[in-house]
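Structure first, commentary second.
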Amino acid sequence: AIVSKKREAIREEQISQEFLRAEAMANREQWSGLQIEDRCVRKEKLDASMKGKEIVPFNRLASLLPGGRDQVIFGVMYAPLRGPSKDLLGEVKAEIMLTDLDRNEPPKTLKLILMGRAMDHWADKTGAGRAQCVKGSLFAILNPIASKKHGGILATFETQVLKLGSCPSLGVCDAKDHQGLDCGIPFNRESGQDYCHRHVNMSHTERRQEMENRGRPVARPKLPGTAASQKRPRTASAEENKGKFPSVSDPLKQKISPSLTSRLPNSAAGGTGGGGTGVGGFGGAAIATTAAAAAAA
């Protein structure tokens, strides 16, 4: 009877573990590997849309093909939407800050720049997707352009950006920095941490000292030696230097100067004069990228 009860208890434990695994899989987005809730796209529809597509991680942005097809980046929005606003180049754009919420190493971050129709839809106050751009949103970005000029990836059409749902694993570090502001670095709550990779390795006392030391001048290290050895050497007066150096009328200097002058470049010389790829949307429609969008990158 005792053996039978033990077997029954083991069987119940196995059933419980299987149930928890099934529940975890149901709450995890298959393609990004992140937890998801409040799905905006049915799993079956997303699976069909992802067929034949390449997932590009944050650390392989160099593999993004100019005007390429079937490349997708997944990321979680961890900060409020920025813009739309005009930058120093006179371009109107909006920015979404994304993170990959890597559980094995410090999460990487990426800036998604929205311009054109993508900005009108997702960032403009009257845009249909504006209300969906909130912290914690899990996005899939199709065929973005790697833009060195803007320091991130660029999307110009609204169908390039798809919200999948919300990610409950997002955590944003609220430890105070030396200026008294929230750290703001994202981390994955599944790791069991309460702070980012930097502050989690600090003790409570160290984090408090960092906050209390804000605004204090940084002590400069003293140079070795006595105070007397650190005094500046006395500068000789003009009277003391008189006669030690040849004057402008020195014959030797007059003899050397013309040869040096002949080697100088002619400062008066004048300088030399100079003077549509297809992008597939998640909706399945092909959209032509304009030359202006390519130039924006």
Side-chain angles (χ1 to χ4, degrees), residues 25 27-78 81 94-105 107-119 121-123 129 132-148 150-167 169-170 186 188 276-289 293-294 296-297:
M25 288 299 296
N27 295 331
R28 190 171 296 278
E29 201 285 308
Q30 173 186 352
W31 300 97
S32 65
L34 297 172
Q35 286 191 341
I36 188 172
E37 59 185 18
D38 301 328
R39 287 180 181 265
C40 301
V41 181
R42 288 187 298 107
K43 180 181 181 298
E44 296 76 14
K45 183 177 181 180
L46 180 61
D47 291 345
S49 300
M50 286 297 297
K51 286 184 178 180
K53 290 182 172 60
E54 174 193 2
I55 299 175
V56 180
F58 280 30
N59 59 356
R60 286 184 50 220
L61 296 181
S63 64
L64 286 174
L65 302 175
R69 290 180 178 273
D70 301 332
Q71 292 182 308
V72 182
I73 294 178
F74 292 93
V76 178
M77 182 176 178
Y78 70 90
L81 178 72
E95 297 176 355
I96 295 178
M97 300 304 298
L98 300 174
T99 176
D100 62 357
L101 286 185
D102 197 320
R103 287 175 292 176
N104 300 320
E105 56 186 47
K108 293 170 283 296
T109 59
L110 178 64
K111 184 194 300 181
L112 170 63
I113 300 100
L114 303 174
M115 299 182 72
R117 284 165 47 178
M119 181 189 67
H121 179 87
W122 292 103
Q132 301 296 321
C133 283
V134 294
K135 192 164 66 172
S137 298
L138 174 57
F139 284 105
I141 300 93
L142 176 66
N143 297 329
I145 301 173
S147 175
K148 292 183 179 180
H150 297 96
I153 57 175
L154 175 66
T156 55
F157 293 95
E158 70 276 17
T159 52
Q160 287 181 262
V161 183
L162 179 67
K163 180 172 178 177
L164 305 179
S166 300
C167 182
S169 303
L170 173 67
N188 195 321
T277 305
V279 178
F282 276 104
I287 303 172
T289 305

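Numbering starts at 1 and runs along the sequence shown.
- Atom CH2 of Trp122 is separated from atom CD of Gln132 by 6.5 Å, given to the nearest 0.5 angstrom.
- For the atom pair Met77 CE and Lys163 NZ, the distance stands at 9.0 Å (nearest 0.5 Å).
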Review point. Going through the checks in order, is the side chain to side chain contact (heavy atoms under 4.5 Å, CB included) test met by Leu34 and Leu170?
Key: CA-CA 10 Å; Leu34 297 172; Leu170 173 67; over 6 Å; no

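- Nearest heavy-atom pair, Ala123 versus Ala94, reported as atom, atom and distance to 0.1 Å: CB-CB, 3.4 Å.
- The heavy-atom pair separating Pro107 from Pro186 by the smallest distance is CG-O, 3.8 Å.
- Within the model, atoms CG of Leu98 and CD1 of Ile153 stand 6.5 Å from one another, a figure rounded to the nearest 0.5 Å.
- Leu154 pairs in a side chain to side chain contact (heavy atoms under 4.5 Å, CB included) with only one of the listed residues (Leu112, Ile141, Ile113, Leu114), which is Ile113.
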Exercise for review: Apply side chain to side chain contact (heavy atoms under 4.5 Å, CB included) to Leu142 and Lys53, showing your working.
Suggested key: CA-CA 9 Å; Leu142 176 66; Lys53 290 182 172 60; 3.9 Å; yes

Check your understanding: For Leu101 and Gln35, what are the C-alpha separation, side-chain angles and deciding distance, and is it a side chain to side chain contact (heavy atoms under 4.5 Å, CB included)?
Key -> CA-CA 10 Å; Leu101 286 185; Gln35 286 191 341; over 6 Å; no

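- The CG atom of Asp38 sits 12.5 Å away from the CG atom of Leu164 when rounded to the nearest 0.5 Å.
- Using a 4.0 Å cut-off between charged side-chain N and carboxylate O, Lys51 and Asp47 make no salt bridge.
- Note: Ile96 CD1 to Cys133 SG = 4.0 Å, rounded to the nearest 0.5 Å.
- To the nearest 0.5 Å, the span separating CG on Asp70 from CG on Asn143 amounts to 6.5 Å.
- With sequence neighbours excluded, the residues that form a side-chain contact (heavy atoms from CB on, under 4.5 Å) with Glu105 are Asp102, Lys108.
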Review point. What do the steps show when you test Glu29 against Phe74 for side chain to side chain contact (heavy atoms under 4.5 Å, CB included), and what is the final call?
Key: CA-CA 11 Å; Glu29 201 285 308; Phe74 292 93; 4.3 Å; yes

Contacts under 3.5 angstrom, residues 54-64 side chains, donor-acceptor by atom type, not counting sequence neighbours:
from: Glu54; atom 1: OE1; to: Gln71; atom 2: NE2; distance (Å): 3.2
from: Glu54; atom 1: OE2; to: Arg60; atom 2: NH2; distance (Å): 3.4
from: Ser63; atom 1: OG; to: Arg60; atom 2: O; distance (Å): 2.6

